[in-house]
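I have placed the structure first, in the form of structure tokens, so that the comments after it can refer back to it.
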There are 2 protein chains.
Amino acid sequence: MRKLKTSRQPEILDAALAIADERGLDALSMRAVAERIGVTPMALYGYFRNKDELLDGLVGRLLTQLAPAEPGGSWQDRLASVAWATRRVAKEHPAVFPLLLFRASVTPDGVRVVDAIYQALLEAGVPEPEVPRIERLVSTFVLGFAVSEVNGRFSGASNESRTRRGGPDAPAHRVLAEHLMVDDWDAEFAADLADLMRIIRPV
Amino acid sequence: MRKLKTSRQPEILDAALAIADERGLDALSMRAVAERIGVTPMALYGYFRNKDELLDGLVGRLLTQLAPAEPGGSWQDRLASVAWATRRVAKEHPAVFPLLLFRASVTPDGVRVVDAIYQALLEAGVPEPEVPRIERLVSTFVLGFAVSEVNGRFSGASNESRTRRGGPDAPAHRVLAEHLMVDDWDAEFAADLADLMRIIRPV
DNA sequence: ACCTGAACACCGTTCAAGT
DNA sequence: ACCTGAACACCGTTCAAGT
């Protein structure tokens, strides 16, 4: 359990994020990061105990960008703002973003985001015992949507193979054939958020 | 674009799934799979073009298990059955399951699952143009929940560090302190599904 | 039709040493 | 305080060859 240096941590994370953005997660090796900052791979181990901790640092970076900028506005505005910010970050860093789904966000930045959502839900009138669950419901959906969109789980299935999908054991696909094409994911995301708002505050 | 052999594909996928289940995704190497079925690594390339296609095969395996067994029951029952089956599969194969979020499910099994959900939503009275969106909303949440649960995104954040989280810039955490502990994820999932049902069929 | 051997260009990480 | 060199035990994959 050696003590880690912190001096060049930001520089290292910058380099790692750049590599992932430019060439994907598979290209993000300790050796590539080291080369980018002009150092031997082993030098990195003075700043991060191993590659996994470096990835945690990257997740921390993304969380910083999710933190709500303007604390003003209605609770609806603030929830929407976090949701759209999440989706924006996913598009900026598609390779690293999915890691958010795999690591508990107990960093100060992560807590700040969750706390902002808690506050919005409290203001919305969600009963206190329900607030943490609703927060998990909403953020699980938002993260899942952003990951799906950015990794082609949505688009891959909806373009060419869509027509062929109306096969023998897919009767509902045939019925819905004319509605299977999607070209406006912004609109879909907005409609989803509106639906979730109805869970938060029944009309 | 060579033609692939199929004879031993199931055997190979069995071995790969077993390795991932027992020792995690990082241990799932072509070399490990080969050794397990008593063959040279290169022999695998006669059955799968590369490791990525082998992983696709693994995703196909999981999709098979999601296909709804009993087509009977109300639409509510059938939706719930797919949701709980998804969560069960996640727990059986925690290492491989997250791959479902990254690959479009255009295989016959994947289409079958989606079609079953389409049918349920149509019966529920969801307007045809809305059905594909609601399907994506629900399955994104269900997949996201299962991945989060199985990878510790939920539990890690909710146990020890919870108390400390009520720091200076986390006022809502302090207010909600007594509700931050969760020990029954089945109950949480059930409550989430009930809320989603209210989106599908407004009461 | 199915499999192997040797090789290439990579990985993460440990250890001991160097300034 | 910070970095390097050499080494270890791995990867995925190509190519040519073997039965």
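Both backbone and side-chain heavy atoms feed into the values below; hydrogens, waters and symmetry mates do not. Each chain gets a letter, A, B and so on, in the order its sequence line appears, and its residues count up from 1.
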* Does any nucleotide pair with C:dC8 by Watson-Crick or G-U wobble geometry, both distances under 3.5 Å, and what is it? -> D:dG12
* To do: Scan every strand shown for a Watson-Crick or G-U wobble partner of D:dG18, both distances under 3.5 Å, and answer none if you come up empty.
  =>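 Across any shown strand, D:dG18 pairs with C:dC2.
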In whole Å, I'd like the distance from the [atom1] atom of [X] to the [atom2] atom of [N].
{"X": "B:Tyr45", "N": "C:dC8", "atom1": "OH", "atom2": "C1'", "value": "13 Å"}
{"X": "B:Met30", "N": "D:dC11", "atom1": "CE", "atom2": "C1'", "value": "11 Å"}
{"X": "A:Leu28", "N": "D:dC11", "atom1": "CG", "atom2": "P", "value": "20 Å"}
{"X": "A:Lys5", "N": "D:dC2", "atom1": "NZ", "atom2": "P", "value": "6 Å"}
{"X": "B:Arg49", "N": "D:dT13", "atom1": "CZ", "atom2": "C1'", "value": "14 Å"}
{"X": "A:Glu53", "N": "C:dG12", "atom1": "CD", "atom2": "C1'", "value": "14 Å"}
{"X": "A:Glu35", "N": "C:dG12", "atom1": "CD", "atom2": "P", "value": "13 Å"}

Please tabulate, for the side chains in residues 32-46 of chain A, all donor-acceptor contacts under 3.5 angstrom to protein atoms that are two or more places apart in sequence or on a different chain.
residue : atom : partner : partner atom : Å
A:Arg36 : NH1  : A:Glu22 : OE1          : 3.2
A:Arg36 : NH2  : A:Glu22 : OE2          : 3.1

* To do: Check every atom of D:dT13, C:dG5, C:dT13 against the side chain of B:Thr40 and return the nucleotide holding the closest atom.
  => C:dG5
* **Residues within residues 7-27 of chain B bordering DNA chain D, heavy-atom distance below 4.0 Å** =>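 Result for residues 7-27 of chain B: none.
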* Looking across every strand, which nucleic acid part, if any, lies under 4.0 Å from A:Met42 by heavy atom: base, sugar-phosphate, or nothing? -> base
* **Parallel, tilted or perpendicular: ring planes of A:Phe154 versus A:Trp185, cut at 30 and 60 degrees** =>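 Parallel, since the angle between the ring planes stays under 30°.
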At under 4.0 Å, does any side-chain N or O of [X] touch on OP1 or OP2 of [N]?
{"X": "B:Tyr47", "N": "C:dC3", "value": "yes"}
{"X": "B:Ser29", "N": "D:dC11", "value": "yes"}
{"X": "B:Lys51", "N": "D:dG12", "value": "yes"}

* Asked: Less than 4.0 Å between a side-chain N and a carboxylate O, is that true for B:Arg112 and B:Asp109?
  -> yes
